[in-house]
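Take a look at the structure set out below.
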Amino acid sequence: MNLTPKLFKTYASRNINNPRLRKTYRFATHHALENRLRVVAEVPEWEALRERAHRIKEEAIDQLGYYLEKLESKVIANGGKVFWARDGKEASDYILGIARRIRARTVVKSKSMTTEEIGLSHILEENQLEPVETDLGEYIIQLAREWPSHITAPALHKSRGEIGELFAQKLGITYTDVPEELCEVARRILRSKFLSAELGISGVNFALADTGTIVIVENEGNARLSTTMPRVHVAVMGLEKVIPSFVDLPIFLRLLGRSSTGQKQTSYVSLISSPRKPGELDGPEEFHLVLLDNGRTEILKDPKMRESLFCIRCGACLNTCPVYQRVGGHSYGSVYSGPIGAVITPLFQGVEVAKDLPYASSLCGACSNICPVKIDIHHMLLWLRKQIVDTKQTPWQERFAMKLYLAGMKDATVYRMGSRLLRVALKLVGKQSRPLKVPGWTETRDFPPLAEKSFKTLWKETQQRSRRQTTNRHK
Ligand code: SF4
């Protein structure tokens, strides 16, 4: 499989016809939603928290330049280094430069969607480094040479049997599908990598502008080891991860764990403000913060789309989306899948490359309803569709049908004639007769049976009947 959103329809139809995959997605997403529901119910002020988080993000994104510069000056004052990367290449080159300087060979990475976005692991590999993903899900997909199928659960598409086979094949162990045994194997291998790695790379969940602190939220402890054991720690963050103040953090922590994994709080929350200070026993000698743009400032310019930068990557909109549940994460051909992926992938890669993604939605609004920072996701998808239509990127048949529809709406005679023709056409492809098949439509779904008479005919008949009755009464 290639990582390209251009092949959305091909990937989606293949995944829809894979019952095993659909069952895996259904189970995992429903399980996550049930857990979320339980812990959210314990917070009566949930809606107020969402509203508050939305406002904080709005402030941070509206004043992004100010807060990023404040963050930069605090990080430098605390002893760290800051690098502004315009794109993935600049970020990777900077990290490669560090790796060469310190003669690194092994690089331990904790889970980071931002480094997935720029394909950092592949770049490190191409430059004779050994990148090791240390989050279990990421480790699994690294062994399988795949990309994440979910923002928070990258190996969600894999059954434990498949993971057992993968471990047996790649790590030379005896096959087992017992989760505890598989975890033990991964733990043993990863421990030795933590001990030998010279460079640790992490993502950032939140960056606090007023203290110059980065916050990493996780469950396995691997991020803490990746950021403290190697000599050098590099954190890569999208520009949008900055929030104004330390006091804002608890609001996001309450929302994030509950929305992503259905936990009141994740097992580890690491707050990192500086490299190791004199007298401290552990921690890296150097701390670098890479601020990645990679298209974000372009999104910032678009008033209709800038809200997508509020995303805290919780994954809840994926879990609740009826399309994601059926087509799975890999169909999107991007590391960002689901509703938010369908919004930001076209923004990052261009609408012409990802023009099927905004249509990967029923527009039911479940994504917007569940989003902990109240991003109006489904209206953004609708807006992207408008851009696709305005730039004539829809199929000619659709454009032709819309022109006919418009003509009918403008003129009563055309409307009448059109509706008669439509009734004939629907009889040909409708449920009762269906001698014709419309590819992609009547192959998998039915038109409801047509009423015997149209509303207009019924109305006319009713009027005539009542006129006759009135005439008869007056005779
Ligand atoms: S858009 Fe909202 S629900 Fe979806 S991943 Fe981002 S924060 Fe979570």
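FYI, the numbering just counts along the sequence from 1. Counting convention: from 1, in listed order, for ligands and their atoms alike.
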Compute whether any side-chain donor of one residue and acceptor of the other, for N219 and S267, lie under 3.5 angstrom apart. yes
Tell me, please, if C317 has any N/O/S atom, main chain or side chain, under 2.8 Å from atom 4 (Fe) of ligand 1? yes
Would you say the side-chain atoms of E116 pair up with the backbone N or O of W147, donor to acceptor, closer than 3.5 Å? no
So does C314 have any N/O/S atom less than 2.8 Å away from atom 2 (Fe) of ligand 1? no
What is the closest protein heavy atom to atom 2 (Fe) of ligand 1, and at what distance does it sit? C371 SG, 2.4 Å
For atom 7 (S) of ligand 1, the closest protein heavy atom turns out to be I312 N, 3.4 Å
Closest approach of L381 and P339, non-hydrogen atoms and distance? CD2-O, 4.3 Å
State whether the side chain of T391 and the backbone N or O of I388 hold a donor-acceptor pair below 3.5 Å, judged by distance alone. yes
Any idea which atoms of ligand 1 are less than 4.0 Å away from a heavy-atom of I377? 1 (S)
Quick one: does P372 get within less than 4.0 Å of ligand 1, heavy atoms only? yes
Who's the nearest protein heavy-atom neighbour of atom 6 (Fe) of ligand 1, and how far? C311 SG, 2.3 Å
Are the side chain of N78 and the backbone of S273 linked by a donor-acceptor contact shorter than 3.5 Å? yes
re atom 5 (S) of ligand 1, the protein heavy-atom contact at minimum distance is G315 N, 3.3 Å
Look at the rings of F348 and Y336 and say which category their plane angle falls in: under 30° parallel, 30 to 60° tilted, over 60° perpendicular. tilted
